[in-house]
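Single-structure report; data block below.
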Number of protein chains: 2
Amino acid sequence: MVGIRAQQKEKTRRQLIDAALGQLSAERSFSSLSLREVAKEAGLAPTSFYRHFSDMDELGLTLVDEAGLTLRQLMRQARQRIADGGSVIHTSVITFMEFIESNGNIFRLLLRERSGTSTEFRAAVNREIRYFTMELCDYLQQANQLDAEVAYLQANAAVTIVFSAGSDALDVDKREREQLTERTINQLRMIARGAFDLNNRLKSKRRS
Amino acid sequence: MVGIRAQQKEKTRRQLIDAALGQLSAERSFSSLSLREVAKEAGLAPTSFYRHFSDMDELGLTLVDEAGLTLRQLMRQARQRIADGGSVIHTSVITFMEFIESNGNIFRLLLRERSGTSTEFRAAVNREIRYFTMELCDYLQQANQLDAEVAYLQANAAVTIVFSAGSDALDVDKREREQLTERTINQLRMIARGAFDLNNRLKSKRRS
DNA sequence: AAATTCAGCGTACAAGTGTACACTGTTTTT
DNA sequence: AAAAACAGTGTACACTTGTACGCTGAATTT
């Protein structure tokens with residue numbers, strides 16, 4: 001039994017979420033959205049908002065979850081492409097940049113709320129990023145036989161660099177974005193090389 | 001002739017700036033500040049605000065400039081300490097972390113406006129960070145005899161990593177901050193090692 | 001079939017927003 | 001000494017904001 005009522009409720013809930021996502025842009029942050037605006041965009045009376053979320057904050061956290069989901073799709077896509085052949089670093093960065101091009105506003109949401117005024121929001125975003133980092137960490141550790149700590153350092157640095165490049169990419173034209181992509185790839189190679197080196201030094205230290 | 005009038009005006013302008021800076025905190029961003037609040041905090045009638053800034057945006061950009069100034073003081077301090085002896089990377093990171101501990105709100109301003117909704121703000125913050133990066137780039141190029149491009153890649157990556165760590169540091173207690181500091185130092189060493197390596201490969205390529 | 005639940009609506013209100021306008025008193029210029 | 005400039009004030013207005021409250025009609029439970 002789905003319940004025609006619960007079904008309809010879920011539908012308008014989605015409308016609210018989509019309305020909020022749809023209002024996000026380079027010049028409009030989630031925190032600048034008002035409950036009334038979102039309700040209006042969703043075709044609802046202001047007060048009906050409360051039937052679904054007790055707060056704009058609650059809606060916002062839902063959006064962050066949504067964004068995390070999108071991020072995980074991104075990872076899956078990257079893994080797929082890597083399995084199909086091609087350099088890991090190159091493929092990952094290209095995939096990430098494509099993601100940003102077609103999901104700019106979702107990415108902006110994450111970037112903004114990561115440094116926002118709500119502890120809860122910051123925690124939620126960091127959780128998503130940590131998940132992202134850990135996946136990469138496991139991969140590096142396994143594929144390159146790295147020490148756990150070194151793998152983490154590399155994964156964390158790589159994610160930081162890629163996110164930062166993504167942030168820059170939001171504000172530049174296609175030509176600059178290509179340059180940025182190439183630079184980012186080189187930076188990740190630098191980091192990989194450094195990690196490899198650090199790992200070797202640790203290994204020989206342990207042997208002695 | 002300074003003019004008693006211009007002098008007084010400059011003084012209240014400062015009051016506005018300080019009022020704004022004083023209201024910034026972990027849970028209060030510049031964009032959530034209202035003209036009236038700032039004026040009130042400065043002990044002014046709301047409409048008097050306009051005698052000094054045409055806009056909250058104009059005040060905001062002034063704050064970003066102010067923050068950039070603080071950032072440059074930071075660099076000077078770091079250079080001083082490095083000259084007094086001690087590892088470059090270690091000293092720099094420690095100095096940066098101290099800066100964040102005592103200038104958290106200014107740093108938050110930069111972080112937030114970097115991903116904010118105003119193109120002008122983002123540009124202003126990026127300008128300050130670029131300045132920061134370029135200083136480091138010049139240093140690396142000269143001290144380590146690096147290729148210009150490699151030096152830039154390293155400087156950019158290092159600044160990104162350090163800023164990101166700074167951002168994380170804002171939300172954790174002292175113990176975790178120390179861990180974070182150590183990790184950041186190791187990441188910078190990794191990057192330095194990778195840059196050195198990339199530089200060598202470039203050199204031998206050119207020779208052939 | 002009757003009773004209950006509940007998504008969505010409309011009204012209403014207090015609080016806060018930016019800023020236009022006319023004013024005052026002191027400093028500066030003429 | 002007279003005139004002009006101008007930093008700061010107070011009033012006023014049109015808007016937007018979140019949300020409390022009571023209502024309605026359809027879906028659900030009894």
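Below, read A as the first sequence line, B as the second, and so on, with proteins coming before strands; counting in each chain starts at 1.
Listed for the B:Ser25 side chain is a donor-acceptor partner under 3.5 Å among the backbone atoms of B:Arg28.
Taking the ring axis of A:Phe30 as reference, the NZ or CZ atom of A:Arg112 does not stay both within 45° of it and closer than 6.0 Å to the ring centre. For the pair A:Arg72 and A:Phe132, the NZ or CZ position fails the cation-pi test of under 6.0 Å to the six-membered ring centre and within 45 degrees of the ring normal.
No side-chain donor from either of B:Glu182 and B:Asn186 sits under 3.5 Å from a side-chain acceptor of the other. No side-chain donor-acceptor contact under 3.5 Å links A:Asp138 and A:Gln142.
At whole-Å resolution of the value, CD in A:Glu10 and P in C:dG8 are 11 Å apart. Separating the CD1 atom of A:Ile4 from the C1' atom of D:dT29 is a distance of 16 Å, rounded to the nearest angstrom. As a whole-Å value, the separation of B:Asp55 CG from C:dT17 P is 16 Å. Rounded to whole Å, atom C1' of D:dT17 lies 13 Å from atom NZ of A:Lys40. Atom OH of B:Tyr50 is separated from atom P of C:dA22 by 17 Å (rounded to the nearest Å). A straight line from NZ of B:Lys11 to P of C:dT27 spans 13 Å, rounded to a whole angstrom. Remark: P of D:dT16 and CD of A:Glu37 are 10 Å apart, rounded to the nearest angstrom.
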*Sugar-phosphate or base contact per nucleotide [nucleotides 6-15 of chain D; S, B, -; heavy atom under 4.0 Å]*: BBBBB-B---
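Residues A:Thr70 and A:Phe107 are not in side-chain contact: their nearest non-hydrogen atoms beyond the backbone lie 4.5 Å or more apart.
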